[in-house]
Every structure is written in structure tokens, then in C-alpha cells.
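Structure first, then comments.
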Amino acid sequence: MSEADYDKQNEEQRVEQVVAEINRQISSLQEHVTEVQADIVGIRKHFWDDVTVNFEDAHEAAETYASIKQQAEVLSERERVHRHGQQRLRTLRRLATSPYFGRIDFREETEPAAEAVYLGIASLLDEREEQFLVYDWRAPISSLYYDYAPGPAEYETPSGTVTGEMTGKRQYVIRDGQLIHMFDTGVTIGDELLQEVLGKHADSQMKSIVATIQKDQNRIIRNEHSRLVIVSGAAGSGKTSAALQRVAYLLYRYRKTLRAEQIVLFSPNSLFNSYISTVLPELGEENMQQTTFQDYAEHRLGAAFQLEHPLAQMEYVLTAMEEPGYAERLEGIRLKTSPGFMRTIDDYAVLLKESGIQFLPLSFQGRILVDEKQIRDRFYSLDPAISIPNKMILVAKWLLDELKKHELAEREQPWVEDELELLDKDAYSAVYQQLRRKKQFTEETFDDFEREQELLSKRIVQKHFQPLRDWVKALGFIDTAATYRRLFADTDLAEAVLPAADRPALWHAICAQTVERLERCELTYEDTPPFLYLKEKLEGFQTNNLVRHVFIDEAQDYSPFQFALIQRLFPRAKMTVLGDWNQAIYAHAQGGASFEAVASLYEPAQTETFVLTKSYRSTRPIVEFTRQLVANGEQIEPFQREGRLPSVTTVRDRAALADKIAHRIRELRADGHQAIAVITKTAQEAQMAYEDLRGQLDIHLIGTRAISYETGAVVIPSYLAKGVEFDAVLIYDASRERYGRESERKLFYTACTRAMHELHLYSLGEPTPFLASVSPDLYETAE
């Protein structure tokens with residue numbers, strides 16, 4: 001037997017031994033979990049049997065409370081043990097399938113021999129719990145696997161730096177408890193393992209990449225010192241994957257002080273949330289909070305305005321070119337999402353300290369109790385040195401005092417007496433009992449008719465005034481909509497806060513559009529962030545001090561307003577932002593502006609920027625094709641995974657287009673591809689393509705209201721496909737008519753880069769001029 005065969009035999013035996021130990025632990029833990037479950041059922045069933053209930057006096061009541069509390073704590077502890085056991089069982093079952101993926105042989109400089117360290121998705125101790133059979137990939141020593149080739153190496157621990165020599169590195173592919181492949185490597189992650197992993201088919205949900213983390217990704221994942229981590233990466237470079245592994249690492253590293261609910265991810269849409277939802281559970285961690293900026297805006301403004309969804313804005317920009325007002329809308333989008341307009345709102349807020357804030361009157365049953373002039377005069381009579389939000393709090397206190405005076409006078413109004421007469425016996429009795437409990441009067445005094453009427457009248461008026469009190473406490477008397485509208489309705493004001501050089505040529509038309517929509521209580525997507533920003537300037541920024549980490553994906557689509565709002569919403573959190581300027585598909589996106597905006601919120605010493613240039617998602621031919629579609633594409637490095645050249649097919653009509661695409665999908669399925677996307681430019685076009693194709697084959701339509709991706713063949717708009725990958729992508733209509741404007745180049749690039757293994761472009765008539773920048777030998781022309 002050769003040395004290589006002997007080595008493989010030993011590795012196979014170790015896999016068998018480790019899997020056997022995992023199965024033993026699963027069996028033992030399952031038995032324990034079953035016993036704990038029985039305990040929980042028993043405690044719940046007999047909860048009150050073991051509690052002494054006696055409320056005869058204060059002492060007995062205290063004893064009863066203590067008894068209930070003790071029994072509840074016993075139940076809570078058993079439930080906690082059960083949850084922990086179930087979670088560990090899930091982890092062990094995943095380990096049983098693939099117990100580890102890597103090994104390093106490391107000799108500390110103070111030790112005579114190297115120790116073999118095996119890495120997996122979770123730690124595993126031997127039967128006596130004395131030796132690690134598998135180390136968690138997030139353990140300090142595991143960083144050696146990702147950061148070093150064999151030779152001198154070191155890693156950081158909470159107690160200091162450990163130095164030594166890595167004498168070997170090995171990677172494994174283990175499936176269903178069987179060793180399939182193993183590779184010795186001198187680089188971070190060997191091409192063999194990456195080839196094996198990247199050659200797999202796409203799925204409806206993102207998978208963990210812990211076995212194939214690259215050195216640059218590992219630096220992002222394990223960064224603990226930076227307040228702001230900026231990740232700029234090419235399509236398919238693993239930005240989102242690295243971010244999710246970073247979440248898992250942070251939960252492991254700070255497991256005693258950090259919980260999943262203290263981490264928030266802002267993602268591009270709900271579909272994307274579904275796509276990434278299994279990554280952390282796959283690593284044995286709970287999912288962090290996931291939301292979108294639109295969700296936040298709906299929470300803050302949805303009751304007062306009809307908010308435009310960002311996907312609706314995108315569809316408008318891509319389809320409404322012939323509609324009146326289109327040019328003005330586009331110019332307005334660029335203005336309202338620019339750093340300059342954020343400075344305009346800041347300058348406007350300074351002016352508002354002296355004059356200009358609009359207020360709403362306090363009204364009750366159609367009568368004005370305190371008019372807007374009284375509120376405005378009160379606000380501007382306060383010390384100008386006090387901040388606007390603090391002055392608003394003082395005004396709210398004054399208004400509550402005014403309401404008390406009006407409540408007292410209101411008791412004499414005829415409507416109160418009318419409501420008293422309508423009280424039925426039950427309502428009367430309920431008020432009586434409530435007042436008795438509060439010891440406001442005794443049974444004897446309630447017989448006094450005048451006292452009875454006075455107290456009931458007070459309760460009735462208080463009940464009717466409560467919504468008004470709540471409204472005042474919520475600062476509802478500030479008319480933010482009218483204050484924001486002044487920016488577009490008052491010419492003199494605009495000249496004061498928006499320099500002529502910054503005002504677009506279509507400024508007056510933009511103003512007219514904005515005022516018209518505000519009067520209909522509508523907020524466009526481009527108006528929502530600046531409106532929210534002004535609202536917070538007037539009311540004070542809402543804060544959440546519990547969240548410790550904020551992640552923002554597709555950061556190139558965020559405006560300076562959005563970054564500022566998120567940063568102020570979570571003032572104690574560290575921030576990780578990820579983006580790719582070549583995928584800046586929204587009308588407002590400008591090269592570098594968003595990253596510059598978020599970077600300006602933090603000190604340079606608190607910020608670290610990472611640039612990922614290697615693309616792993618697509619085959620080398622696809623990357624070489626797509627990188628020529630965008631500026632500076634030569635900086636994108638393809639991973640050396642071979643595949644078919646992309647194809648371009650020109651057809652004469654929609655019927656021929658549907659036939660060609662249906663035929664290609666059948667071929668792709670025959671070749672084993674499962675996730676196949678027909679990507680259209682817009683949702684409107686997706687509906688049309690779906691109608692043409694569904695009669696020929698089984699295919700699904702993913703629209704803007706979808707909440708999860710489906711496996712199989714799908715028709716999907718380009719902007720919904722962003723962030724997702726498919727085995728094969730078919731661009732539905734890559735014609736000049738569809739993709740003829742330079743502003744659509746990045747959208748086209750984004751759609752093409754969704755392909756992992758095959759990319760096919762179809763064109764109704766003349767193909768897009770973007771292909772002129774691509775070398776003809778990088779794609780084939782198909783019939």
C-alpha cells in the first residue's frame with residue numbers, strides 16, 4: 001500500500017470514528033431531550049397542584065406569589081434546557097452528514113510537535129469532553145486555515161497572539177458521512193474544493209460558504225475593531241455571503257453578550273430576505289432581524305401617507321419614458337437623493353429655528369381649542385438657544401396644560417349630559433366599580449347626585465380627550481408635510497437654502513409635481529428619505545440603543561439621507577455596508593456617492609474598506625463577457641472555472657422568441673440545470689414573457705409581490721433578480737429597443753451576472769449597443 005493510500009485509509013477511518021461519536025451523542029442527547037420534554041409536560045399539567053394559593057392577608061399573598069414564581073422559574077429552566085438540547089441536536093445532525101471540511105497541522109513555537117486541528121461548522125468534543133475532535137470554524141485557531149499557507153503563522157486569542165508554524169493544510173469533501181475527496185493545498189482554499197463547491201447547481205436559498213472562505217473574506221468576517229466596515233465587491237465576489245458569516249462569527253465571538261435580535265440587516269427587498277434566511281440556521285445560529293428601508297418608512301409614515309415602493313419607482317423609470325412629466329421626475333429623483341439636497345435640508349432646519357415651522361390646530365368635535373398661530377407664537381417665544389426638538393417637548397407640555405383647562409370647561413357642555421343619560425346599567429356600574437377601586441369616593445358619597453354627576457362627567461370627558469392627549473404627546477401638532485412643502489412652494493425660501501447652481505433646469509416643474517403629490521398625501525420614494533430626515537430634525541431622532549450591529553446590503557442604492565437616518569436610529573451600533581457600483585441600477589445612484597456619504601458619518605480611523613475583485617459565482621467565460629460591459633471591468637478577476645461561452649440569438653418576432661427560449665430551457669433541464677431564470681427588463685415585460693412561455697413548458701412568474709424564490713424555471717424582472725444566482729440565465733430581450741440608453745447599462749450588467757454556468761441572450765431585432773464593448777470572441781452567435 002502506497003503512502004497516499006495509507007493516508008487516505010486513515011482519514012476514512014477517522015471520518016467513521018467521528019461520525020460514530022456524533023451518532024452516539026445524538027442518541028444520548030435525544031434521550032435527554034425526551035426526558036426534559038416529559039418534565040415540561042408534567043410541570044405544565046400539575047402547575048397549580050404544586051402552588052399554595054392563599055390571599056387572606058398580605059403575608060399569605062406574598063407567599064403565594066413566591067410559590068408561583070418558583071414554579072414558573074422551574075418550568076422556564078426546563079424549557080431553556082429543552083431549547084438548547086434541540087438546537088444542539090440540529091447541529092449534530094448536520095455534523096453527522098459532514099463533520100468537518102478542513103484540517104491544519106500547527107506547531108506552537110513552545111511545543112515540540114504539531115497538533116492536527118479539524119474544522120467544521122461547530123465544535124465537537126470527544127466522549128470524555130477532554131479533546132476537540134472538531135473545532136468551530138469561528139474559533140481563534142481556525143483563522144489560520146483561512147489566512148495562511150504552510151509556513152510561519154500566528155493567530156489572535158483573547159489573551160494574546162499565538163505564533164508558530166503551520167506544517168500542513170488539507171481540505172475535505174465529506175457527504176452523508178463518507179469521505180469523497182481530500183486535497184492538500186498550499187493556498188488559502190484550494191481550487192479543487194472551490195471547483196467542487198462552485199460547480200454545484202443553484203438553489204432557491206443561499207448556502208453557507210464556511211468551507212470556502214477566502215483570505216480577504218475572512219478579514220471582513222473577523223473584523224472586530226472598526227466602527228464602519230465598507231465592502232465594495234464585484235458581482236459574485238461573495239459580499240453577502242461574507243456578511244452572513246460575519247454575523248455568525250460575531251454571535252460566536254460575543255456569545256455571552258450579543259444576541260441575534262441585537263443585529264439588524266437592511267436588505268433590498270422581502271424576496272432577498274427569504275433567499276438568505278437559511279444561512280445562519282445552517283450554522284446553528286438564530287437569524288438576525290431582517291428588514292428593508294421601506295419597512296421602516298412604512299412604520300414611521302404609513303398612517304399619514306401613501307408611500308411609493310422603490311420597485312414601483314424602478315418600474316416607472318424603466319417604462320414611463322413617453323409619459324408627460326417624465327424628465328422632470330427623473331431630475332427630481334437625482335436632486336432629492338443627492339448630498340447637496342441633504343445640505344439643503346440641514347440649512348432649512350437652521351432657518352426653521354427662527355421662523356417657518358407649520359403647525360396644526362388642536363380641535364375637538366369640530367371646534368378649535370388652540371389654533372396654529374397660538375402654537376407657533378408659543379414655540380418661537382422660547383429661548384432660541386434651545387434645540388428644535390427640545391422646544392417641541394416644551395410646547396407639548398404647554399398644550400397638555402391647556403387641554404386640562406379645556407377638559408374642565410367641557411364638563412358643562414350639553415353633549416356630556418346627553419352621554420350621561422345614554423349610559424346603560426352595565427356601563428354605569430363599571431364606572432362606579434372603577435372609581436371605588438381607586439377610592440375616589442365611598443358608597444355613601446356616591447348617593448349624592450351632584451357628586452355622582454360630577455365624577456361621571458369627568459370620566460366621560462377624559463375618555464374623549466385621551467386621543468387628543470396622545471396626539472399631543474406624539475407631537476402630532478407639527479405639520480411636517482406643510483413645512484416640507486414650503487421648500488417647493490416658496491420661491492424666496494428655495495433661493496435661500498438651494499443655491500442657483502444646485503437648482504436643476506426643471507426646478508419649477510419639479511416643485512409643481514412635488515406639491516401636487518403632497519396635497520394628495522402621497523410621498524414618492526425619492527421624497528420619503530428627505531421628508532423623514534426633516535421630520536426627525538423637528539421631532540428629534542428616534543433611537544434604538546439595543547442594536548449593536550447594522551448590516552446594509554446593496555448599499556449603492558442608498559442615498560445620503562438613508563444612511564444618516566439609519567446611523568442616527570442605531571447610534572451605538574457598528575455598521576457593515578456592502579455594495580457594487582456596477583450594479584447601481586436606481587435612477588439616483590451616482591458613482592461612489594453612497595459610500596462617500598456613509599463614510600462621512602464616521603471618523604477615518606474608525607473605518608476600514610475592503611475591495612473584493614475576484615468573482616466566484618460565474619464561469620470564467622461568463623465573467624470575461626460581463627466585465628467588458630462596464631467601466632473598469634478589467635479589475636474584475638474571473639475564477640478559473642471553465643464553461644460554455646455566452647450566446648447571442650437574434651429573432652424576428654415574439655413567437656419565435658418564445659419558441660427559442662422554451663427550446664433552450666428544455667435543453668438546460670436535460671443537462672441537469674435546475675434553477676433557470678428568464679430575466680426581463682421590467683415587471684411589465686415579465687408578465688408578457690410569462691404569458692408567451694407558460695403554454696409551452698412549466699414555468700413560474702416572480703412578481704413584485706412575491707415573498708420567496710421558487711426552484712425550477714422562472715420569469716423575473718431584472719431588479720428583483722439582483723443579489724440572487726441561477727444555474728442558467730436567459731436574457732429575454734437584449735435588443736437596442738430594450739437596452740439602448742446608457743443609463744440602463746448597469747441594469748443589463750446586473751441581469752447578466754446572475755448566471756452561474758450558462759448565459760444566453762435573445763434579441764428582438766438589433767441587439768443592444770452594449771455588446772459593442774465586448775470582444776466578439778467572448779460570445780457565440782446562435783441561430
Side-chain angles (χ1 to χ4, degrees), residues 197-209 231 233-245 265-280 282 287 290 292 310-311 314 551-557 578-580 582-586 612 615-619 622-623 626 665 668 673-683 685-686 689-690 699-732 746-760:
V197 171
L198 296 174
K200 289 178 174 293
H201 293 295
D203 201 349
S204 61
Q205 293 179 310
M206 181 180 282
K207 299 300 181 185
S208 162
I209 62 161
V231 183
S237 59
K239 299 181 297 297
T240 301
S241 295
L244 295 173
Q245 315 307 313
L265 168 68
F266 282 86
S267 62
N269 52 59
S270 299
L271 269 174
F272 188 79
N273 286 342
S274 168
Y275 179 61
I276 65 171
S277 63
T278 60
V279 174
L280 287 172
E282 192 178 303
N287 261 323
Q290 294 172 236
T292 65
L311 298 181
M314 173 68 73
F551 289 74
I552 302 176
D553 206 354
E554 304 294 349
Q556 72 277 356
D557 296 333
L578 314 107
D580 175 14
N582 287 324
Q583 296 183 67
I585 64 175
Y586 280 85
L612 303 177
S615 179
Y616 299 97
R617 172 186 297 135
S618 308
T619 61
I622 292 175
V623 174
T626 55
I665 290 174
L668 291 167
H673 295 303
Q674 299 167 357
I676 303 167
V678 177
I679 299 183
T680 61
K681 180 180 172 183
T682 65
E685 187 184 25
Y690 173 68
I699 195 165
H700 302 285
L701 174 65
I702 295 183
T704 54
R705 296 186 178 181
I707 58 174
S708 63
Y709 287 99
E710 299 186 45
T711 55
V714 300
V715 180
I716 184 171
S718 53
Y719 48 81
L720 277 181
K722 188 165 66 164
V724 190
E725 57 191 27
F726 303 92
D727 290 335
V729 164
L730 290 73
I731 304 298
Y732 179 73
K746 291 181 178 179
L747 185 69
F748 184 71
Y749 168 81
T750 300
C752 291
T753 54
R754 301 307 93 201
M756 293 175 63
H757 306 298
E758 295 197 32
L759 172 63
H760 303 283

Open item on the list: Show, in sequence, the C-alpha distance, side-chain angles and deciding distance for Leu668 and Leu730, and conclude whether the side chain to side chain contact (heavy atoms under 4.5 Å, CB included) test is met.
Closed with: CA-CA 11 Å; Leu668 291 167; Leu730 290 73; 3.7 Å; yes
Open item on the list: Can a donor-acceptor pair be found, under 3.5 Å and without considering hydrogens, that links the side chain of Arg617 to the backbone of Ala235?
Closed with: no
TODO: Look up atom CD in Glu758 and atom NE2 in His673, then write down how far apart they are to the nearest 0.5 Å.
DONE: 4.0 Å
TODO: Spell out, as yes or no, whether a donor-acceptor pair under 3.5 Å connects the side chain of Ser618 to the backbone of Ala755.
DONE: yes
Open item on the list: Could you report the tightest heavy-atom contact between Gly579 and Gln556, atom names first, then the distance?
Closed with: CA-OE1, 3.1 Å
Task: Least distance between heavy atoms, Phe551 atom then Ala243 atom - done: CE2-O, 3.7 Å
Task: Donor-acceptor under 3.5 Å (Lys239 side chain, Gly233 main chain) - done: yes
Task: Asp727 side chain to Ala675 backbone, donor-acceptor under 3.5 Å - done: yes
TODO: Keeping the roles fixed (side chain from Ser237, backbone from Ala234), state whether a donor-acceptor pair exists under 3.5 Å.
DONE: yes
- [ ] For Ala751 and Ile731, work out which heavy atoms get closest and say how close.
- [x] CB-CD1, 3.8 Å
Task: Which atom of Tyr586 lies closest to which atom of Pro310, heavy atoms considered - done: CE2-O, 3.6 Å
Open item on the list: Restricting to side chain to side chain donor-acceptor pair (under 3.5 Å), what partner residues turn up for Tyr749, sequence neighbours left out?
Closed with: none
Open item on the list: With a 4.5 Å cut-off on side-chain heavy atoms, are Ile276 and Leu265 touching?
Closed with: yes
TODO: Return the set of residues passing side chain to side chain contact (heavy atoms under 4.5 Å, CB included) with Thr750 (not counting sequence neighbours), or none when no residue passes.
DONE: Gln583, Ile585, Lys722, Arg754
Open item on the list: What I'd like to find out is whether the side chain of Ile702 reaches to under 4.5 Å of the side chain of Tyr690, using heavy atoms alone.
Closed with: no
Task: Residue list, side chain to side chain contact (heavy atoms under 4.5 Å, CB included) with Thr680, at least two apart or on another chain - done: Glu685, Ala686, Ala689, Val715, Pro717, Tyr732
Open item on the list: Under the rule for side chain to side chain contact (heavy atoms under 4.5 Å, CB included), what residues qualify as partners of Asn269, not counting sequence neighbours?
Closed with: Leu271, Phe272, Leu720
Task: Positive for side chain to side chain donor-acceptor pair (under 3.5 Å) with Ser267, one of Asn273, Thr240, Asp553 - done: Asn273
TODO: Please tell me if the side chains of Val729 and Ile622 come closer than 4.5 Å, counting only heavy atoms from C-beta onward.
DONE: no
Task: Results of ring pair (Phe, Tyr, Trp, His ring centres under 6.0 Å) for Phe748 - residues two or more places apart only - done: Tyr739, Phe770
TODO: First locate atom CE of Met756, then atom OG1 of Thr619, and finally report the distance between them rounded to the nearest 0.5 Å.
DONE: 10.0 Å
Task: Residue list, side chain to side chain donor-acceptor pair (under 3.5 Å) with Thr292, at least two apart or on another chain - done: Asp295
Open item on the list: Could you tell me if the side chain of Ile676 sits less than 4.5 Å from the side chain of Ile699, heavy atoms only?
Closed with: no
Task: CG on Asp557 to CG on Asp580, rounded to 0.5 Å - done: 10.0 Å
TODO: Heavy atoms only: give me the nearest Ile679-Ala721 pair and the separation to one decimal.
DONE: CD1-CB, 4.1 Å
